[in-house]
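These figures come from a predicted structure and were not determined experimentally. So you know, we letter chains A, B, ... as the sequences are listed, proteins then strands, and number each from 1.
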2 protein chains.
Amino acid sequence: MKKEIDNKLNLKNIKPTAMRQLVLQVLTEQKTAISLPELEQKFEKADKATLYRTLKSFQENKLIHSIEDGSGSLRYALCQDNCECDPEDLHVHFLCTNCNQTFCLNDIPVPTINLPSSFSFESVNMVVKGICSNCKK
Amino acid sequence: MKKEIDNKLNLKNIKPTAMRQLVLQVLTEQKTAISLPELEQKFEKADKATLYRTLKSFQENKLIHSIEDGSGSLRYALCQDNCECDPEDLHVHFLCTNCNQTFCLNDIPVPTINLPSSFSFESVNMVVKGICSNCKK
DNA sequence: AAGTTGATGCAACCGGGTTGCAAAGTTATT
DNA sequence: AATAACTTTGCAACCCGGTTGCATCAACTT
């Protein structure tokens, strides 16, 4: 366990501090994308700013990606192994309006948009809202 | 001018107060989607809360639609004439990472996503980021 | 061991969004 | 025309996610 965590960090050139190990641990166990305040709650006593900076460095090193979740806040989730956070790596996200969880639909790529030629493309954020499988039952 | 504004409001069953006329005026002149703080700045002296509630009632009455602009804040733009804010009415939005303006790509509908059958669809938000035509020059 | 660099914790701030409440304005009722 | 009932407005205050400054602490360099 510990080994794998450290491995992942090293692979992305992130110095494996205690804090970072813990955060990555949480992110690994987490099936849905998590927000900063949610992450904060996972710890008894943790500093928001530290977590914030931890997530930021994870993101800069392409260990996680962030999405605007459709309710005005950011959420974070682990990238797929091969992810380079390039446009082709982007997938659709799903926000459940009932339980408020955000799911990575990893196997649904964001459709390509034919922009007017006067616009140039950098990235795209696509969030579908509805009811998730858990809440439908 | 005044006539058209009032007409639009009446059509959507919104009582045409002075404030609402002014806000709709601004929205009509505005080519890009506007945020609440931006709207505030368009007036010498206007109350944020009132503007907020004005936008809210416009939205409830389907005179305008809102989008999460990809930078964490909401923006508002006039609906098309025939718009019912149904999923089929949704279009893609474009955020310029240079000038920070949000454009309605009215003629680019949001592509349909085939959700896993266990998820049900309500709505979708799609924002493309890049450089707009003005900034490319 | 001293010096450099980076990580952490605390506090404070910022800005968008939102609400409560009282005053002003409008509409309806007699 | 006067009153009651409802709506809109303005002000203040608040909430919360995100962010920064700064001092401290840890790790690593020479």
Using a cut-off of 4.0 Å on non-hydrogen atoms, how would the nucleic acid contact of [X] be classed: base, sugar-phosphate, or nothing?
X       : value
B:Thr50 : base
A:Lys15 : sugar-phosphate
B:Arg20 : sugar-phosphate
B:Ser73 : sugar-phosphate

Ranking A:Ala49 and A:Pro37 by the position along DNA chain D of their nearest nucleotide, the one closer to 5' is A:Pro37
DNA chain D: B:Ala46 or A:Tyr76, which has the more 5' nearest nucleotide?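 Here B:Ala46 is the residue nearer the 5' end.
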Is there a donor and acceptor pair, one atom on the side chain of A:Arg53 and one on the base of C:dG6, closer than 3.5 Å? no
Between the side-chain atoms of B:Lys48 and the base atoms of D:dG10, is any donor-acceptor pair under 3.5 Å?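 No such pair is found, so the answer is no.
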Gap separating the CG atom of A:Asn98 from the CG atom of A:Asn134, nearest 0.5 angstrom: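 Between atom CG of A:Asn98 and atom CG of A:Asn134 there are 10.0 Å.
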Distance only, no hydrogens: is a donor on one side chain within 3.5 Å (strictly under) of an acceptor on the other, for B:Gln25 and B:Glu29?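 Short answer, yes.
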Just checking, any donor-acceptor pair under 3.5 angstrom between side chains of A:Thr32 and A:Gln30? yes
[X] [atom1] to [N] [atom2], straight-line distance once rounded to whole Å:
X       : N      : atom1 : atom2 : answer
B:Leu51 : D:dG10 : CG    : C1'   : 11 Å
A:Glu44 : C:dG9  : CD    : C1'   : 17 Å
A:Glu60 : C:dG6  : CD    : P     : 13 Å
A:Asp47 : D:dG17 : CG    : P     : 15 Å
B:Phe58 : D:dT8  : CZ    : C1'   : 13 Å
B:Glu40 : C:dC14 : CD    : P     : 16 Å
B:Leu55 : D:dT9  : CG    : P     : 12 Å
A:Glu68 : C:dG17 : CD    : P     : 11 Å

Report yes if the distance between the aromatic ring centroids of B:Phe119 and A:Phe103 is under 6.0 Å, otherwise no.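 So the answer is yes for these two rings.
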State whether B:Arg75 and B:Glu68 are salt-bridged, where the test is any N-O pair (Lys NZ or Arg NE/NH1/NH2 against Asp/Glu carboxylate O) under 4.0 Å. no
Any B:Ser35 side-chain N or O less than 4.0 Å from OP1/OP2 of C:dG16: no
Looking only at side-chain N and O atoms, does B:Tyr52 come under 4.0 Å of OP1 or OP2 in C:dT18?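 Indeed, a polar side-chain atom of B:Tyr52 lies that close.
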Selection from C:dT8, C:dG17, C:dC10 that lies nearest to any side-chain heavy atom of A:Met19: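 Of C:dT8, C:dG17, C:dC10, C:dT8 is nearest to the side chain of A:Met19.
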